[in-house]
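Take a look at the structure below.
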Amino acid sequence: MLANSPIAPTLPAMDLRRARGFYEGKLGLKVIQATDQDVMYECGAGTMLYVWQREPSQTDHTEAAFKVDNIEKEVAELKGKGVEFESYDMPGIKTDDDSIARIDGYKGAWFKDTEGNILSLTEM
C-alpha cells in the first residue's frame with residue numbers, strides 16, 4: 001500500500017511569487033514543474049515539495065500527498081479498510097463516483113486522518 005509510496009508535503013502560499021523567491025533563491029530548490037498557481041520542487045532522496053497559491057478565504061488544504069502508480073487500486077484498498085474519501089465539486093476539482101478527480105493529466109483523491117488532516121493520493 002502506501003508504506004513504499006513517495007510522499008510530498010503540500011504548503012499553501014498567500015503570495016506564490018514571494019514563496020518561489022524563498023524556496024528557489026534562498027533554499028536553492030530545483031523546480032520540477034510550475035504554473036501560475038503552483039510549483040513542485042525536487043528535494044533529496046526522491047522526495048518533493050508542492051507549494052500552491054492559496055486564496056485568502058481558503059481554510060482547509062492538503063497537508064501531504066502520496067504518489068501512487070494505480071490510484072483506483074489504492075482508493076479501493078483504503079475504502080476496504082474503512083477510509084472515507086472526500087467529495088469535491090468546485091472549480092478545478094470535481095471527484096467522480098470513485099472519489100477520484102482527474103485534473104490536467106493527473107488523478108487525485110483526498111481523505112482525512114484521525115486528526116482532521118487532509119491527505120491525498122496522486123497519480124501522475
Glu86 side-chain N/O to Phe111 backbone N/O, donor-acceptor pair under 3.5 Å: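 Not a single qualifying donor-acceptor pair exists.
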Check: Leu16 main-chain N/O paired with Gln53 side-chain donor or acceptor under 3.5 Å: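 Present.
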Side chain to side chain donor-acceptor pair (under 3.5 Å) partners of Asp96, counting only residues at least two apart: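 Residues passing side chain to side chain donor-acceptor pair (under 3.5 Å) with Asp96: Arg102.
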Side chain to side chain donor-acceptor pair (under 3.5 Å) partners of Thr62, counting only residues at least two apart: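 In terms of side chain to side chain donor-acceptor pair (under 3.5 Å), with neighbours along the sequence ignored, Thr62 is linked to Trp110.
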Value rounded to 0.5 Å, distance of NZ in Lys94 from CG in Asp89: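 Lys94 atom NZ to Asp89 atom CG measures 4.0 Å (nearest 0.5 Å).
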Spacing of Met40 atom CE and Thr35 atom OG1 [to the nearest 0.5 Å]: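 Met40 atom CE to Thr35 atom OG1 measures 11.0 Å (nearest 0.5 Å).
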A side-chain contact here means heavy atoms from C-beta on lying under 4.5 Å apart; do [X] and [Y] qualify?
X: Leu49; Y: Thr10; answer: no
X: Leu121; Y: Leu2; answer: yes
X: Leu11; Y: Tyr50; answer: no
X: Glu123; Y: Lys67; answer: no
X: Arg54; Y: Trp52; answer: yes
X: Thr47; Y: Tyr41; answer: no
X: Glu72; Y: Ile100; answer: yes

Over all atoms of both residues, closest heavy-atom pair of [X] and [Y]:
X: Ser87; Y: Thr95; answer: CA-OG1, 3.3 Å
X: Val51; Y: Ala13; answer: CG1-CB, 3.9 Å
X: Glu24; Y: Val39; answer: OE2-CG2, 4.4 Å
X: Cys43; Y: Met48; answer: SG-C, 4.2 Å
X: Thr122; Y: Ser120; answer: CG2-OG, 3.9 Å

Verdict with supporting geometry, Glu63 and Ile118, side-chain contact (heavy atoms from CB on, under 4.5 Å): CA-CA 6 Å; Glu63 276 83 19; Ile118 300 174; 3.9 Å; yes
Glu77 and Lys73: CA distance, side-chain angles, deciding distance, salt bridge (Lys or Arg N to Asp or Glu O under 4.0 Å) verdict: CA-CA 6 Å; Glu77 286 183 18; Lys73 176 180 173 249; 3.5 Å; yes
Salt bridge present between Lys79 and Glu84 (N-O < 4.0 angstrom):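 No, Lys79 and Glu84 are not salt-bridged.
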Cluster overlap Leu29 with Ile32, hydrophobic side-chain contacts below 4.5 Å: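 No, no single cluster joins them.
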Hydrophobic cluster membership, Ile7 vs Tyr23, 4.5 Å side-chain cutoff: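 Looking at the clustering, Tyr23 is in a separate group from Ile7.
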Heavy atoms from other residues, nucleotides or ligands near CG of Asp69 exceed 12 (cutoff 6.0 Å):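 No, the 6.0 Å shell around CG holds no more than 12 heavy atoms from other groups.
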Pairs involving residues 31-48, ordered by first then second residue, that meet salt bridge (Lys or Arg N to Asp or Glu O under 4.0 Å) (sequence neighbours left out):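 Listed once each, the pairs are Lys30-Glu42.
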Step-by-step side-chain contact (heavy atoms from CB on, under 4.5 Å) determination, Ile103 to Ile93: CA-CA 7 Å; Ile103 308 162; Ile93 299 176; 3.8 Å; yes
